[in-house]
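Right, one structure below, let's go through it.
Residue numbers start from 1 in every chain, and the chains themselves are labelled A, B, ... in the order their sequence lines are given, proteins ahead of strands.
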Number of protein chains: 2
Amino acid sequence: MTSTRPLRADAARNRRLLLAAAADEFAERGLDVSVADIARRAGLGKGTLFRHFATKDDLLAAIVLDRIDALKTVGEQLLDAADPGAALLEFLTVAADQQRQRDLSFLQEAGELNADVTRAREQMFRSVHKLVDRAREHGAVRADITGADVILLMCAPNYVTSYVPDAPPGLWQRYLSIIFDGLRPEGAHPLPHPPPATP
Amino acid sequence: MTSTRPLRADAARNRRLLLAAAADEFAERGLDVSVADIARRAGLGKGTLFRHFATKDDLLAAIVLDRIDALKTVGEQLLDAADPGAALLEFLTVAADQQRQRDLSFLQEAGELNADVTRAREQMFRSVHKLVDRAREHGAVRADITGADVILLMCAPNYVTSYVPDAPPGLWQRYLSIIFDGLRPEGAHPLPHPPPATP
DNA sequence: CAATAAGCGGACCGGGCGGTCAACTTGCTA
DNA sequence: TAGCAAGTTGACCGCCCGGTCCGCTTATTG
C-alpha cells in the first residue's frame, strides 16, 4: 500500500522499547495501566508513544497481533506432528506459556474494533479447529468436544492462576493438565449443554 | 457495637434498590460501570447511593459479602450429603450459577481491602476444603487434587463463557462438566506442578 | 559539515470519574 | 397534624486519563 520509507534507527529502537514496556505493563498490572506509565517504563515521553501508535488500543492491538500470529504459526506447524493428541497439548502449552500472568483477556478485548486482529484471530482459530479435529479422530480427545470448546478453555489456566498472589512460574501447567484431562475420552461424562457456534 | 436505630422505610427500600441495580450493572457491564449509572438504574440520585455506601468499593463489598455468605451456607449444608462427589459438583454448580455472566472476579477484586469480605471468604474456603477432602476420601475426585485447586477452578466456567458474545444461559454448565471430568480419578494423568498453598 | 526532515517530549486540553455538600423533601412520632 | 431528624438530590469539586500540539533535538544524507 503506502510505500513508507524505513524508520530512523532511534525511532525503530524506541518502537521496540514501547512494545516491550507495554507488554510488560499490561501483563503485570492489567489493561488499565495509563499510557503515561507505559511511556515512563520505556524511558520515553508520552508524545513519542502516540507518534508510534495513534491510540492506546492500537498499541494493544499491535502486541496482540504479534502473539496471535505466532500462535497461528505454531498451530499450523503442529498439524504435521505424529501424535495428534500430544500436538494439541503442545499447542495449548505454548499458548498459555506465551501470555504470562494476567494478560489473558488479550484475545477478545483488543479484537473488538481492530479488523487486523479479528482476521488473524480467525486464522488462528482455524488452526485450533483442525488440531482438535485431528485429535478427536485419533481418539486423543473425547468425541463431544469441539474446537470452539478448546478455544474458550485455552486461556483458563492463566486466568485461574492470576488469582494466586505470588504464583510460582509454572503453576498454570497444573491447571492446563487438569483441564486437558477433562478433554480426554477416558472417564468422560455426557455434557449437559451443546457447544457454542461462534468461535 | 453501635446500636443503630432501624432505617426509615423508604431508605430501606432504596438500599435494596441500589444493591439490586448494582448487582445487575456489575454483572452485565463489569466492575467499571460508573456509580452514576448504577444510581440511574436504581432510579435514585448519586448522592443517595453514597449515603448508603461510603464508597463504590463498599457497595461492591456488600454485594460480594452476601454471595459469599450464601455460598458458605450451601457448602456447610452439603457436608452432610450422602454422596460426597455429587455434593462437590452441586456446590460448584450453585457457585457458578449464582454469579451469572461476567461478575466472576468478585471474589478477589472486592476482598483486597475489606476485612469482612476477607473473613467470610476464608470461612467459605474452609467449606470447600472439607467438601473436597470428603470427595477425595470417597474416591470421587483424584487423589492429587486439593481444595485450593477447586477454589481456583471454581470461577473458570463463568470466565470461559464470558467470552462468547451472546452466550446461551446454561453454557457454563458445559465447561463446569468438562473441568469436573478433569477432577475425576478415571483417566487422570500425573500433574506437572504442586498445588499452591495460599487459598 | 550543513541543511533538513524525522523524531521527540511535556505542557496542555476536554471529558468522565468518584466523591461532597447544602438546600430541599418526607416518613416518623408525640 | 406539627415539628424535626432522617433521607434525598444534582450541581459541583479535584483528579486522572487519553490524546494533541508545537518548539526543540538529532539521525541522515549530499
Rounded to whole Å, how long is the line connecting atom [atom1] of [X] with atom [atom2] of [N]?
X       : N      : atom1 : atom2 : answer
B/Arg51 : C/dA22 : CZ    : P     : 14 Å
A/Leu18 : C/dG7  : CG    : C1'   : 12 Å
B/Arg13 : C/dT26 : CZ    : P     : 12 Å
A/Leu49 : D/dC21 : CG    : C1'   : 16 Å
B/Leu7  : C/dT26 : CG    : P     : 19 Å
B/Arg15 : D/dA6  : CZ    : P     : 17 Å
A/Asp10 : C/dG9  : CG    : P     : 9 Å

(message) Quick check on B/Lys130: does its NZ atom have over 12 non-hydrogen neighbours (other residues, nucleotides or ligands) under 6.0 Å away?
(response)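 Check fails, neighbour count at 12 or below.
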
(request) Test A/Met154 against every option in A/Asp149, A/Leu92, A/Leu176 by the side-chain contact (heavy atoms from CB on, under 4.5 Å) rule and name the one that passes. (result)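 By the side-chain contact (heavy atoms from CB on, under 4.5 Å) criterion, A/Met154 pairs with just one of A/Asp149, A/Leu92, A/Leu176: A/Leu92.
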
(message) Under a 3.5 Å threshold, yes or no: a donor from one side chain and an acceptor from the other, between A/Tyr175 and A/Asn158?
(response)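 No donor-acceptor contact under 3.5 Å links the two side chains.
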
(message) Looking at A/Arg40 and A/Glu25, is any side-chain nitrogen of the basic one under 4.0 Å from a carboxylate oxygen of the acidic one?
(response)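 Judged by the 4.0 Å cut-off on N to carboxylate O distance, A/Glu25 and A/Arg40 do not form a salt bridge.
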
(message) Closer than 4.0 angstrom, basic N to acidic O: yes or no for B/Arg184 and B/Asp181?
(response)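 A salt bridge is present here (some side-chain N lies under 4.0 Å from a carboxylate O).
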
(request) Assign a letter to each nucleotide of nucleotides 10-21 of chain C from its 5' end: B, base within under 4.0 Å of a protein heavy atom; S, sugar-phosphate only; -, no contact. (result) B-B----SBBB-

(request) Between D/dT28, C/dT26, D/dT8, spot the one nearest the side chain of B/Arg8, thanks. (result)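 The nucleotide sitting nearest to the side chain is C/dT26.
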
(request) Please answer whether the main-chain N or O of B/Ile145 pairs with a side-chain N or O of B/Arg136 as donor and acceptor at a distance below 3.5 Å. (result)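 Yes.
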
(request) Ignoring backbone atoms, test whether A/His52 places a side-chain nitrogen or oxygen under 4.0 Å from the OP1 or OP2 oxygen of C/dG7. (result)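 No, because none of the side-chain N or O atoms of A/His52 sits under 4.0 Å from OP1 or OP2 of C/dG7.
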
